[in-house]
Structures are given as structure tokens and as C-alpha cells.
Amino acid sequence: MEYHFREIENKWQAFWAANKTFRAEDSSSKPKYYVLDMFPYPSGAGLHVGHPLGYIASDIVARYKRHKGFNVLHPMGYDSFGLPAEQYAIQTGQHPAITTEQNINRYREQLDKIGFSFDWEREVRTSDPNYYKWTQWIFIQIFNSWYNNTSNKTEKIDSLISEFEKNGNSKVNAVCDDNVKHFSASEWKAFSEKQKSDALMAYRIAYLGEAYVNWCPALGTVLANDEVKDGVSERGGHPVERKLMKQWSMRITAYAQRLLEGLDTLDWTESLKESQRHWIGRSEGTSLRFSLIPNPSPKEKGTARQKWQTADPAIYALLKNYARENRQPLTESEDTLWQALRNRQLEFKFRRQHPIGTYIADFICLEKNLIIEVDGEIHSKQKEKDEERTKVLNELGFDVIRFTNAEVSKSLDTVKAVIKKKLGDSPPLLRRGAGGEAGSQTHIEVFTTRPDTIFGVSFVTLAPEHELVAQLTTPEQKAIVEDYVTKAKNRSERERQTDVTKVTGVPTGSYVEHPFTGKLIPIWVGDYVLAGYGTGAVMAVPAHDERDHKFAKHFGLPLPQVIVPTKEHDLDKEAWGEKEGKLINSDFLNGLEVKDAIKKAIAEIEKKNIGKGKINFRLRDAVFGRQRYWGEPIPIYYKNDIPYALSENELPLVLPEVDKYLPTEDGEPPLARANNWKYKNEFAYEHSTMPGWAGSSWYFLRYMDAKNNGQFAGKQFMDYWKNVDLYIGGSEHATGHLLYVRFWTKALKDLGYINIEEPAQKLINQGMIQGRSNKIYKCSGMFKQDDDHDGNQEIFHFPEVFISKEIYDEISKQEQNSRQKNEPSELDKKLLGFQNVVNAKLKSAKPNFKNTFIIQNNTYAGYYQINVDVNIVSNDILDANKFRQWRPEYKDAFLFPSDENFRCADEVEKMSKSKWNVVSPDEMCEKFGADTLRLYEMFLGPLEQSKPWNTNGITGVSGFLKKLWRLYIGTISEDAPTKAELKTLHATIKKITEDIERFSFNTSVSNFMICVNELTDLKCNKRSVLEPLIILISPYAPHITEELWSILGHKQSIAFEKFPEFNPAFLVEDNFNYPVSFNGKMRFNIELPTTLSPAEIEKIVLEHENSQKYLEGKTPKKVIVVPKKIVNIVV
RNA sequence: GCCUCUGUGGUGGAAUUGGUAGACACGCAGGACUUAAAAUCCUGUGGCCUUAACAGCUGUGCGGGUUCAAGUCCCGCCGGAGGUACCA
């Protein structure tokens, strides 16, 4: 009876499906074990051999745990919302749901062929309304939550509202927007609906806020930070720019500390945890305020005025009264314009009759420094006056637009459009407060991790986007600062990131005061300071910070030293950035070690009330909205500009149909195209959709109760299954999915829905499987055309000529040695012979073919490499027949030296269609069977390691299964096993158990081979040995073992058979073959009874005849005997 | 630059706590079976030197160290892979 894997595998796959063998029980007396694979995005390309690597490993663990008596949850599903299906839809018009469905079916087919023990009844698809209903529901819970820093928990928004009603927001200790305005309880109660909504929005964990986002014009959507790599989108590689946008975001920053601390409790790889730690980026430091010194005259310190105090103080009172008087009797056109401007109708606040310098402006927008004047009748004198007035106002930093009465009354819309455009054009910060005035700010706040270096500050640097830049710039510096800021802002993110060696910056002309010495410190603007981190301003200590050092050297700024380096160091060349050394030139810090100096400095800073110890995180809030179609609709509608969440019974908010999957003409997301898609037919829904990570942030919970229509999952099931015991997936999700899923888990826990703090206890990253390409060399320009050209070339295409790797190597070697001999080399002779063969064949096959093939210039430059399909190559030897069928133009191809043993070159590259190196698991299943594929993928090497796919060793694994099969075919003996047989079996049980427990699957396969080799040598046919053996193998090769199990006469599946127990008694040896070494060098073996004492062993070994030879008559200095290990003699 | 991982025959890799380096498999070489091929089986296979044979020397990226004993531990370098970055 032969091993026909195809029949066997089909039979058992059908059996498992029909009997629902791998259905997980919802409650059980058995202990639970949850093995989860990171679910795949069903792409059009189908699975390649890299995908199943992790699935096979998890399947082995799942099957092993079933043998070990666990109730195992091992589900699979699809992350089926996403960009590729939508991009395909844009190109073809095909609905992404259809593409997705097709791709899923293909995935399922491929997965089924490999024989995974998934519980398919629990399959989830994130694009299924029954699933995303609950994604939307969780979004609403998070929307209706805030983060209470006092309880360090997510809390329902109600508790915040009742606090507002009682005390306003002044006592609230929450994670919220920067610069929230304070309000009292009574103010809260007096708030309009809109004001209340806005106030709460600053606290919600899912919130709508304005922020700089990663905008990708090519994809037409914003992206989260982890979706952007090197300034381009991770998917598609399109450029990404920074853009200020109103966006749904998630306040993941609230969880930064918990996300960081939680890592210590997890059994994940160090590199993964390290990635997350770095992404969270906690740094402990100090905030520190530097007092501003108003410019140009430092004497006026303390007279800094508010931003709206724009009038000349000398005549302010007068002007004010005058303005008041003027306010009532507005001309008709002035009134018309006022009605159009007031209440932020153009998004910005306007004031009327506002004193500026010595004037009173008609209308003014202080935020934009824009003045609108409405003029009466124009006569020349007035015109002159107006021009004078405009000039003065311009000098004060205001733009002035003038309209006539007629313009306002007749074409108000045009007037409004002009104003609106101007408001949009003028950058809000640039022109503010020209003249170096500090405005309302009295200080610059910096963040530093090195407060000990405070006496080494030689300048302060602001990010170009810093809000004080414009105000602090003196008139003399205005032009150059504005220019710099504009350039810095327009520099793309990519440029800024890649061009880090370039030092740029400009001085503002203003100064701050050193908090301890009172010295003046210049303020610079430099783009090495990031607006988004800390306060967007740094105190520069060039002697002890590398970046500051570079900047200072570039601009010739001083490098005051405050720390004595602990080793030789040239401070002029390089900064001493180590946290080591003694403080000098630092007043009260002198003589302290850095660590103590930091503590002391913080204490002094806090005492002086100019700053305090502070912790900063690099982690940013996660942008949640996507301006795309194929994702979960965000369950929000807008009524009077106020966002409201849908109620639970209105879910799911189903993704509507649209005519095109493109943005609308005015740039709205595709969902804006949906016809009559309105809440209660009246209110607009949110038009952006959720990002890919929404659905994957909780799918591990849904598997516990996948069909529940009343809840996202039943509490009793979540309490039973708790968290994932083993999660296997790629490391590419380190800072995306794996961080977000931890965030949602913590939020859901705080809100009382689940009882676990972390989603997955143990996580393994499977390594990537790279492609191994095969290449051959094509000759170019090898046919010499006959002079008697008769146009036959059109009838006969030139046969292609290829050379093997060996010949190519020979030719290139010869080329390098630059042949000088006149005699033809061996290679030349070979080539010449080949030339004749080709021409002879050509003549007989195609008599009309007039061209001759010649090898005139056998240099390697005449050849170029082409990729051949790896599927027509085995062990690097090209299958000549398949090659000729591969492409029509190769039909008559010549292979040199010969069709047999034509060796291809190889290279390890990314697996891709264009390299012809993609290997799909289907073909491997077809050729060798699923069991061989499973064993071979494991046999390749450690699971976590990346490795190139090559099938060179697969025959070994396939041979092993055949050998295993042969062991079971024939008479099975019921006799008692021999000692040797038992020893082999139990040694294997021991190793396999240990291997699986430490996820070392490659060694398991080797151990099976050793075991089967030994049992074959022993001609073992004992049931008592063979039965336990196939249970051991069954997690790895489930089909063949099921078949053998039934051949052995069992009617039940092998899947739940008890895993064999290791019995050490069978491994006890009477003798041990001691290696005897002299001075650590192994010389000979000696077999001794294990019962001997070390002293006896020493005696026997020393007396052994071989020992005499190595002792050379000397007495050994020392003899080490380690029982059952080694004997070492020191001479 | 920093962080994590990693470096062992022609190749994939093994050596779990310091204790016989190279298990297992591929490839290669030789042989058996066969008209032939495939399949299968057997033998050999780190390098060097030498031999009839035994044996000897050397050997886990490089240089040191600890130890009776180092692929494994420590120090200093070099190479490869991945992650990450003006993060103050």
C-alpha cells in the first residue's frame, strides 16, 4: 500500500469539516487555551508560502493543546475593509464588497487545503454589518468617555457632565485638549447646546479636533503616524504632507503611561516591546519658563500688553470714548457689513470701531491683523488721508482693505468673498506684533531632560511654527524671519527628515532672561526644533547637546561648559552629552554629579516657581477618520453643527451605496455621494470612515462569541476565554495594530465591559519568508545576418540562446583575467562546439533560415540576466521542456551547455510577481501534499527568523513521510516493545514536548526524522510504540496521522487522543560513554557503568592504556569528573 | 547615530543549564537495483597534512579575557538583518 497523500488529505479535510471536529466549546471543565493568528487582509494575490508559516505554527500548538486536554479556541477571520479593494474599485468600478468576497473565497480555499484546525463557525469579517455594528458601538462608548487622571481610568462622560454641573471644569484633572477655557458651574449651565458640545469635545476620548495630520493627496485621505514611513504612505508609497484639518481622533495619549508599564507584564519579544516603548517615547524632564524681555527697550519690562490692546496708550482713553460714541450711529452700509461679519460668520472674530494706534478702525480681525474700512464719498483730500492712514496701519502690522459704501450695499457677496479670501491668505501668526512685542505672553516655556545644564544655556530656539515667533521678531529681523519660517513650513516632511545634516535657522532679535543669572539670552528660530514635541521650544546647551552644538558651531554662538567630561574630550569638536561628570560654572550646582545636579536643579526650579518636573510622551493622538469609502461609517450625525452619536438601536449604520468611489468635486469624502443618506432624512451623517485598525482592535473578543446579536460578545464567554494565550503575527504591526488593540482593551476594561488589561499574554513574531529567484543568462546579438537578406527573419523568429550559471561564471572569470593567449581555451573550444551544434540544428529544422549563430565575442557583457519562473526550476536545475513551453518566444530556445543539468543562478529578493519567485502553497500542496508543506515550513528554521523560501530540502521531508508510512504498513505486532524501542520512543516524547513548549518547531521535525530512522533500523512494528508516535506527529502532519490511526483500527479522530507521557525510566542507562579529554581536548571515549563514583571513574580512566599515551609519564595535576557528562584531565 | 536581533560546513540549520561542535536534512561523490530513467536503498562528506591503517593539527566573524573546559560567559572591534530618529 502506497502513500497517496492527495486522497488521504481530501478525505480527512472533508471528515473534519463534516464532523466539526475543531469546534471550541463555550464552557468546559477543561482548562481553556486561546491561540490566535493575526487575521489576514484578503488581497487579490492570494496566499503565498509566507502566510501559512505562522498559521502552521499556531495550528501545531492548537492541536498539541487539544491532545494535552485543553479546550482550545483557534479561530480565523478576515480584516476585510481596506485600501486595496477600494483602489481596485476606483479603477474598475467593481464594488469592493464583491472583490473582497472573491478574495476571501480564494483565501478560504487555500487555507482549507493546508488542513488547519480552525473553528470556522466563529469566522469574522470586519466588513460584515453584523460585525461592524459592534465596532461602531465601541466607538460610541469611547466617544462617550473621558480620561480621569485622578482615578487613572476611562470614565463615562456622564460623570464629567455632573462635575461640570457642580463645579465647572476648574477642578477636573483630565486628559484633554491644550488650552481648554475655564468655566464655572453656572457658566456651564448657561452654555448653549453647541457650547456644551464643544466643551465636552475637548475631553472625549474619541473626539473631533483640529490638528496637523498626515494628508496623502494621492489616496485622498489622512493617515495615522504608523501608516507613514519616510514621509510617504506605507501603502502605495505616495507623498504625505502636513495639513491642519478637523478630524476624528482617539486620545490614545491618555493611556501612554499604562501602555508603557503594561509591556513589562507581557511575554513578547524584546524588539517588539522596544519598538512600542520607543513609539510611546516617555521622557522625564522639567518644564522651565524663561521670562521674555520686551523689545526694543528692555526697560519697559512689565508693561507688556494684551493682544487686543492695540491702541496708543497715551490717547487710549480718548479714543475709547470716541469709539463708544461712534458705535451706535453706523451708516447703512457699515451696518450691512457688520451684520455679515459679526459672530464669526466668516470664521474669525471681528470687532468694530476698534482703536488702533491713534486711529479707530471700522472693522478689525485681530487674529489675522486685518482691517476693513468702509469709505464714504471719495474726494481727493480724503483719499490722501486714507492713504496716510493705511500706511501707518500697515507699519503697525495690519492689512487694510477698503470698500466703498456702494460696493457694500450693492454687492455684499463679492465684498464678503474678498474678505474671506484675504482671511484665508494671510497667515495668522506671521505678521502679528511686528516690533518684537511679547503680547499677552510673558515667558517662553521649554522642556528639558537636563535641567542640570541650566547654567550652560547660551540661546533659546523656537520651532518655526511656534506661536510666539512672529511676536518676538524685531522689525529689523522681520523680513528674514518671515522668509525663513515660510521656507521651513513649505519644506516637505520628507525633505526635513532626510536632510537632517543641514543646519538652518535665524535670530529673532529678541531675548529672554536667564532665570538664575538674569543674563540676556538670544532667541533663535531653527527647524531642528519640532513644533509637535514638548513645548516646541528648547533651551540650547551647545556644550552638552549634540544638536545644539551643531547649531551653535554653525552660527558661531558660544559653548559655555558646565560639566567636566569623565574622559578626554574636545568640547569644541563635539558636545559632551553623557549624563556623567561634575558640574562647574553652575552656581549652586557646582561640584555635584550630573544625577544629583538634576535633582537639585529641579528642586530649585520648583522653589523659584519657574517650572516643574514633567513627563513628556512622543506618542501622538491617533487620527481616526479616513476620507475613504471602504471602511466602517462613523456613527455620528450633525444637527446644527453639533455632532451626535447614534443610539444603540440605530446600529449598524450601514455603508451606503455610491455611484463612484471618489471624492466629490468639492473635496468631500466618497460617502458624501450617497443619495438621501441622512439621519432621519434630515441631518447629515459624518462622511469619513474608520481606519483599518478599528475592526482589528477588538476582533479577538468577537471570536469568543462571534454570532451574538445583542452584545459585542457575551460577558460569560469573555470571562471564560479571558485573553489570548498565544498570538502569532508579523512584526510590521508593532506600532499600529498591536498598540491600538492594547489601547481599546484598556478602555473597555475601565468601562467595565471586560476583565482583562492586556489582549495577548504571549506573542510571537513569525519571520518573513523572502523569495528565492532563479536567473539565467540570455545571449544578445549572437546571430550574424546573411548578406543575402531575403526577409526570412520575419517568418522565423530568432531562436533565443541561454547560458547556464557555470558558463557565465567561467566567461566572466576569463574576462577578468583578460585572455592574451592565442590558443583557444577550453571554454572557447566548448563554445565553438556549441556554435556548430546550434547551426546544424538550425539548418535541419529550418532550411530557409539564412542567419548563422556565431559566438564572436564571448564576453559576459553580451549576456543579460533574466528571471525564470521558480516553478520550472528544481534545485536550481532548469526543466528545459517546461522552459520552452513557458513563453512562446522560448519555443526553440537553445540552452548551453546542454538541456541536462542546466544550472540557474539564484538570488534572495522580496517575493513578488515581477521576480517570478512567488510560490503559492497550492502548488506545494499539489506536488507534495499539505503534510509535507507543513513539516517543511517548520523544518526551514526557527519560526521567528526571516529566511528565503527554497524548496531544496523538501524532498527530505517528503521522504520522511514516506518512510513513516512504511513503518505502519504490514503486520502490526502486539508484542511488548524492546528496551531500545522504548528508549527511542521516550527520548522522542521528551524532546517533542520540550520543543513545542518553547515553540522550537524546526527541531521537532528533525527529532521525528531521527526517531523514524531509528525505528526503521530496529524494524519496529509494535503497536505500543507506533501508536504513541503518531499522536506525537499528528499536530505537525495531521492528515497522514489520522489515516494511520484509522489503519491501526481506530474509529475516532486522533485529534483528542491523550498526548504520550514521558517516562524517564526508559532512558535510564546502565553505561555511559564518557568522553575523556586532556587539557580540554577530547581524545577518546570510554564506556563505564553509570553507577560508578567519580573517584572510581578517575581511577579507571587514568589506568586506561590510551591515557598513558597522553599523560606522557607525568602525573595529572587535576582530574575533573562530571558524572554522565565528561572526564577532563589536566596535565 | 541609537535600539533589537544576528554571525557555526557548499546550503537550511542543531548543540535547551559552559561539558564529545557540525545532529537532522539538502547538495555533492561513489555504489546497489534497472535495458534506461524515476523512485528506493547503501557508503562517504568541515578544512589541512599524512597514511595501508591508526593517528595528528586546525576549526563556530575578528582580537583579548574568565574557566579544568567557551559556539555558549565577560571586554573591545567588524559584518549582516530589522526597527527608529534632529523627541530636547
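Convention: sequence-line order gives letters A, B, ...; per-chain numbering from 1.
Separating the CG atom in A:L1092 from the NZ atom in A:K1124 is a distance of 12.0 Å, to the nearest 0.5 Å. For the atom pair CG (A:D995) and OG (A:S1000), the distance works out to 4.5 Å, reported to the nearest 0.5 Å. To the nearest 0.5 Å, atoms OG (A:S287) and CD (A:E445) are separated by 4.5 Å. The structure places CE of A:M938 at 9.0 Å from CG of A:N1002, a figure rounded to the nearest 0.5 Å.
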Could you list, one pair per line, each protein nitrogen or oxygen that sits under 3.5 Å from a nitrogen or oxygen of nucleotides 60-71 of chain B, together with the distance?
residue : atom : partner : partner atom : Å
B:C68   : O2'  : A:N1128 : ND2          : 3.0
B:C68   : O2   : A:N1128 : ND2          : 2.8

All N/O pairs under 3.5 Å across the protein-nucleotides 53-59 of chain B interface:
residue : atom : partner : partner atom : Å
B:G56   : OP1  : A:R1083 : NH1          : 3.2
B:G56   : OP1  : A:Y1110 : OH           : 2.9
B:C57   : OP2  : A:R1083 : NH1          : 3.0

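With sequence neighbours left out, the salt bridge (charged side-chain N to carboxylate O under 4.0 Å, His left out) criterion links A:D621 to no other residue. For the salt bridge (charged side-chain N to carboxylate O under 4.0 Å, His left out) test, residues two or more places apart in sequence or in another chain that qualify with A:R450 are A:D452.
At a threshold of 4.0 angstrom between heavy atoms, the contacts of A:R966 are confined to the sugar-phosphate backbone, with no base atom among them. Within 4.0 Å of A:S1006, counting heavy atoms only, lies at least one base atom of the nucleic acid. Nucleic acid contact for A:D548: none, since no nucleic acid atom lies under 4.0 Å from a heavy atom of the residue. As judged by a 4.0 angstrom heavy-atom cut-off over every strand, A:F1008 is placed among residues making no nucleic acid contact. Heavy atoms of A:M1082 sit under 4.0 angstrom from at least one base atom. Residue contacts for A:N1007: at a heavy-atom cut-off of 4.0 Å it reaches no nucleic acid atom on any strand shown. Among the atoms of the strands shown, none is found under 4.0 Å from any heavy atom of A:E546. Residue contacts for A:S275: at a heavy-atom cut-off of 4.0 Å it reaches the sugar-phosphate backbone alone, with no base atom in range.
More than 90° away from 0 lies the glycosidic angle of B:G63, which makes this nucleotide anti.
A salt bridge does not link A:E994 to A:R998: none of the charged nitrogens lies less than 4.0 Å from a carboxylate oxygen. Here A:E1069 pairs with A:K983 in a salt bridge; the nearest charged N to carboxylate O distance falls below 4.0 Å. For the pair A:K1118 and A:E1098, the salt-bridge criterion is not met [side-chain N within less than 4.0 Å of a carboxylate O].
Here A:N1013 reaches the OP1 or OP2 of B:A25: one of its side-chain N or O atoms lies under 4.0 Å away. A:Q945 has no side-chain polar atom (N or O) that falls below the 4.0 Å cut-off from OP1 or OP2 of B:G82. Taking 4.0 angstrom as the limit, A:N616 places none of its side-chain polar atoms (N or O) nearer than this to OP1 or OP2 of B:C87. Applying the 4.0 Å criterion to OP1 and OP2 of B:C87, one finds that A:R547 has a side-chain N or O inside that range. For B:A88, the OP1/OP2 oxygens have a side-chain nitrogen or oxygen of A:S283 closer than 4.0 Å.
Across the P atoms, B:U6 and B:C74 are found 13 Å apart, a figure rounded to whole Å. When the P atom is compared between B:G19 and B:C57, the two are found 23 Å apart, to the nearest whole Å. Comparing the same atom, P, in B:G44 and in B:U35 gives a spacing of 28 Å after rounding to whole Å. Spacing of C1' atoms, B:G9 relative to B:U4, comes out at 29 Å, to the nearest Å. For the C1' atoms, the distance from B:C62 to B:C78 is 7 Å, rounded to whole Å.
Ranking B:C87, B:C26, B:A25 by closeness to the A:N952 side chain, first place goes to B:C26. The nucleotide whose nearest atom lies closest to any side-chain atom of A:L530 is, among B:C86, B:U4, B:G13, B:C86.
For the pair A:K612/A:T286, no side-chain contact is recorded, criterion being any heavy-atom separation below 4.5 Å from C-beta on.
Side-chain N/O atoms of A:Y528 and A:D548 include a donor and acceptor closer than 3.5 Å. One side chain, A:D527 or A:T504, offers a donor N or O that lies under 3.5 Å from an acceptor on the other. Side-chain contact of A:Y533 with A:S283: a donor-acceptor pair under 3.5 Å is present, judged by distance alone.
Here the C1' atom of nucleotide B:C26 and the CH2 atom of A:W949 are 14 Å apart, to the nearest Å. If you measure from atom CD1 of A:I280 to atom C1' of B:G83, you get 15 Å, rounded to the nearest angstrom. Computed from coordinates, the A:E270 CD to B:U84 C1' distance equals 16 Å when rounded to whole Å. The NZ atom of A:K273 sits 12 Å away from the P atom of B:C5 (whole-angstrom rounding).
For RNA chain B, runs of at least 3 consecutive pairs of the Watson-Crick or G-U wobble type, with both hydrogen-bonding distances under 3.5 angstrom, map to B:1-7 with B:78-84, B:10-12 with B:24-26, B:27-32 with B:40-45, B:46-48 with B:56-58, B:61-65 with B:73-77.
Less than 4.0 Å separates RNA chain B from at least one heavy atom of each of the following residues of residues 983-1001 of chain A: A:E994, A:R998.
Screening A:F960, A:W949, A:F928 for a ring-ring contact (aromatic ring centres under 6.0 Å, His included) involving A:Y936 leaves a single residue, A:W949.
Proximity of a side-chain donor or acceptor of A:R289 to a complementary backbone N or O of A:I444 within less than 3.5 Å is not detected.
For A:Q257, the CD atom is densely surrounded, since the number of other residues' heavy atoms within 6.0 Å is greater than 12.
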